[in-house]
Amino acid sequence: MGGNVDQQLISIIVAAYNVGKFLDCCIKSLVEQTYPYLEIILVDDGSTDTTGKICDDWARRDRRIKVLHKKNGGISDTRNAGICQARGKWIGFVDGDDYVSATMYEHLYQQRTEQGITVCGFLIEENGNTRQCSGIEAELQPQEAVDLYLSNELYSRIYRGVTYWGSYPWNKLYDRGLFDQVSYPVGKKYEDAYIILDLVQKAKSIRFIPCCEYVYVQHPKSITHDISNIKNDLLSARLTQKEQLFKYWKMSDIRMEKLVAIEYFDILHRYACMFPKERDRYRETAIEAWEMLKKLGYDYFPVKLKVRLFMCVCCPSLYYLIWKAKCIIKKL
């Protein structure tokens with residue numbers, strides 16, 4: 001990441017792949033920021049819709065905008081390309097189908113932390129409805145931040161909630177130096193989970209502010225809603241995190257074991273939600289997941305989650321019918 005670094009400049013990296021329907025709203029929210037020292041890097045990841053044209057049109061209208069057109073390589077490759085082009089000391093990330101409040105980067109910059117990360121709350125927008133995920137007001141040392149991260153992640157996965165302090169990069173402002181020797185793993189889903197602990201370990205502190213500035217727009221076809229494949233990529237990320245905990249802090253934390261167990265449950269959930277005729281192909285994978293889950297333990301699962309677990313194992317066809325009915329009702 002060579003070149004002169006502008007100490008005031010925030011480089012906002014926008015990952016854009018076939019988001020033509022949403023991109024104008026996203027870019028408009030960035031060019032209207034109250035913080036003036038911005039570099040907006042639009043990375044078109046080989047889009048086949050109007051995304052590339054929209055990027056170019058905006059670049060002609062605002063000199064702060066830089067456009068990179070690249071061959072499709074996925075979200076990790078897109079973010080890495082943006083980081084390589086960034087000139088600012090500070091790095092922010094926005095997904096092309098989301099948008100931000102006008103004051104987001106002013107507030108994050110005001111609370112910036114040298115060689116650290118600043119984290120704000122966010123809003124979740126789904127089907128025209130919006131709900132808050134407020135942050136806290138605190139400044140933590142790396143190991144304290146890891147402790148909070150594990151608690152928040154565990155609560156989020158058990159109760160299917162959201163947390164202000166998750167792996168996702170978009171509600172954060174980073175000192176760019178944290179990305180020296182750290183990059184997003186190309187070809188991985190949940191790519192941010194693979195490197196969040198790398199970044200925290202390099203940070204001097206992590207500062208949290210409560211205001212909700214980022215608007216995360218949920219779409220039914222997003223990665224987090226995809227159950228068409230039994231493979232659980234988050235399981236691989238959790239196993240990597242488990243190694244990182246010991247490598248950086250000599251930690252062997254029961255919460256991480258529980259997070260791993262929940263990902264094995266997710267495999268069983270995906271198995272039960274498949275068309276009955278497709279399950280035979282994945283029966284061995286489901287059996288292996290159940291054996292691993294029994295070894296790790298699930299006594300801490302809430303009763304509702306335990307019921308779902310045993311239905312997945314003992315009555316997958318019934319589980320499938322109930323799940324399908326809920327999906328239909330939700331669409332009505």
Side-chain angles (χ1 to χ4, degrees), residues 18-19 21-22 95 97-98 122-134 151-164 166-168 189-190 192-193 212 215-238 258-294 296-332:
N18 286 354
V19 287
K21 293 180 181 179
F22 315 100
D95 288 347
D97 51 354
D98 297 335
F122 59 92
L123 301 170
I124 301 172
E125 184 178 292
E126 185 174 17
N127 298 325
N129 299 314
T130 302
R131 64 185 191 275
Q132 284 192 344
C133 182
S134 300
S151 295
N152 283 15
E153 285 286 286
L154 187 58
Y155 177 87
S156 176
R157 291 298 285 155
I158 289 178
Y159 296 102
R160 295 186 174 273
V162 291
T163 170
Y164 59 90
S167 304
Y168 26 80
K189 291 181 180 179
Y190 301 101
D192 37 30
C212 297
V215 183
Y216 169 52
V217 183
Q218 284 196 330
H219 305 289
K221 293 184 179 180
S222 68
I223 289 174
T224 52
H225 289 81
D226 179 19
I227 53 94
S228 61
N229 191 327
I230 195 171
K231 182 180 178 182
N232 184 333
D233 295 277
L234 191 50
L235 172 61
S236 176
R238 293 298 186 206
K258 291 178 178 179
L259 283 166
V260 171
I262 288 168
E263 302 316 327
Y264 280 114
F265 164 72
D266 191 66
I267 290 174
L268 293 168
H269 162 73
R270 289 166 184 259
Y271 171 76
C273 289
M274 286 183 161
F275 288 114
K277 290 182 180 179
E278 293 181 355
R279 286 195 206 115
D280 286 343
R281 295 168 52 198
Y282 298 101
R283 191 176 302 278
E284 291 301 318
T285 302
I287 291 172
E288 181 183 343
W290 175 228
E291 292 300 321
M292 289 300 299
L293 184 51
K294 286 191 291 184
L296 290 166
Y298 50 84
D299 289 344
Y300 59 93
F301 280 20
V303 173
K304 192 174 180 179
L305 200 58
K306 286 180 180 176
V307 171
R308 290 178 57 205
L309 170 61
F310 288 115
M311 284 186 67
C312 287
V313 174
C314 302
C315 310
S317 293
L318 178 59
Y319 187 92
Y320 171 80
L321 291 174
I322 295 172
W323 172 78
K324 199 70 175 175
K326 286 183 176 180
C327 290
I328 293 171
I329 292 170
K330 190 175 182 180
K331 290 179 180 179
L332 295 178

Original post:
So E153 and R238, side-chain contact (heavy atoms from CB on, under 4.5 Å) or not? Walk me through it.
Top reply: CA-CA 11 Å; E153 285 286 286; R238 293 298 186 206; 2.7 Å; yes

Decide yes or no for [X] and [Y]: does some side-chain heavy atom of the first lie under 4.5 Å from some side-chain heavy atom of the second?
{"X": "Y216", "Y": "V162", "answer": "no"}
{"X": "I124", "Y": "T130", "answer": "no"}
{"X": "D97", "Y": "V19", "answer": "yes"}
{"X": "L309", "Y": "V313", "answer": "yes"}
{"X": "E263", "Y": "R157", "answer": "yes"}
{"X": "P316", "Y": "M274", "answer": "no"}
{"X": "L259", "Y": "L154", "answer": "yes"}
{"X": "W290", "Y": "C312", "answer": "no"}

Nearest heavy atoms of [X] and [Y], plus distance in Å:
{"X": "L234", "Y": "A193", "answer": "CD1-CB, 4.2 Å"}
{"X": "L268", "Y": "A286", "answer": "CD2-O, 3.3 Å"}
{"X": "R279", "Y": "A272", "answer": "NH2-O, 3.2 Å"}
{"X": "F122", "Y": "Y164", "answer": "CE2-CA, 3.9 Å"}

When rounded to the nearest 0.5 angstrom, what distance separates [atom1] in [X] from [atom2] in [Y]?
{"X": "Y159", "Y": "K304", "atom1": "OH", "atom2": "NZ", "result": "11.5 Å"}
{"X": "Y282", "Y": "R270", "atom1": "OH", "atom2": "CZ", "result": "11.5 Å"}
{"X": "H219", "Y": "N127", "atom1": "NE2", "atom2": "CG", "result": "10.5 Å"}
{"X": "I262", "Y": "K258", "atom1": "CD1", "atom2": "NZ", "result": "9.0 Å"}

Original post:
Quick one: which of F310, F265, Y264 gives a ring-ring contact (aromatic ring centres under 6.0 Å, His included) with Y298?
Top reply: F310

**OP:** Examine the side chains of R308 and Y319 and answer whether a donor and an acceptor come within less than 3.5 Å of each other.
**Re:** yes

**OP:** Return yes if some donor-acceptor pair links the side-chain N/O of Y190 with the main-chain N/O of A237 below 3.5 Å, else return no.
**Re:** no

**OP:** Kindly say whether D299 contributes a backbone atom to a donor-acceptor pair with the side chain of K306 at under 3.5 angstrom?
**Re:** yes

Subject >> Derivation and outcome, side-chain contact (heavy atoms from CB on, under 4.5 Å), residues D98 and V215 >> reply: CA-CA 6 Å; D98 297 335; V215 183; 5.8 Å; no

**OP:** Check the surroundings of atom CD in E291: do more than 12 heavy atoms from other residues, nucleotides or ligands lie under 6.0 Å from it?
**Re:** yes

**OP:** Check the pair T285, Y271 against side-chain contact (heavy atoms from CB on, under 4.5 Å), reporting the backbone distance first and the verdict last.
**Re:** CA-CA 9 Å; T285 302; Y271 171 76; over 6 Å; no

Original post:
Going through the checks in order, is the side-chain contact (heavy atoms from CB on, under 4.5 Å) test met by I267 and L235?
Top reply: CA-CA 9 Å; I267 290 174; L235 172 61; 4.0 Å; yes

**OP:** Could you label the plane-to-plane angle of the H269 and W323 rings as parallel, tilted or perpendicular, counting under 30° as parallel and over 60° as perpendicular?
**Re:** perpendicular

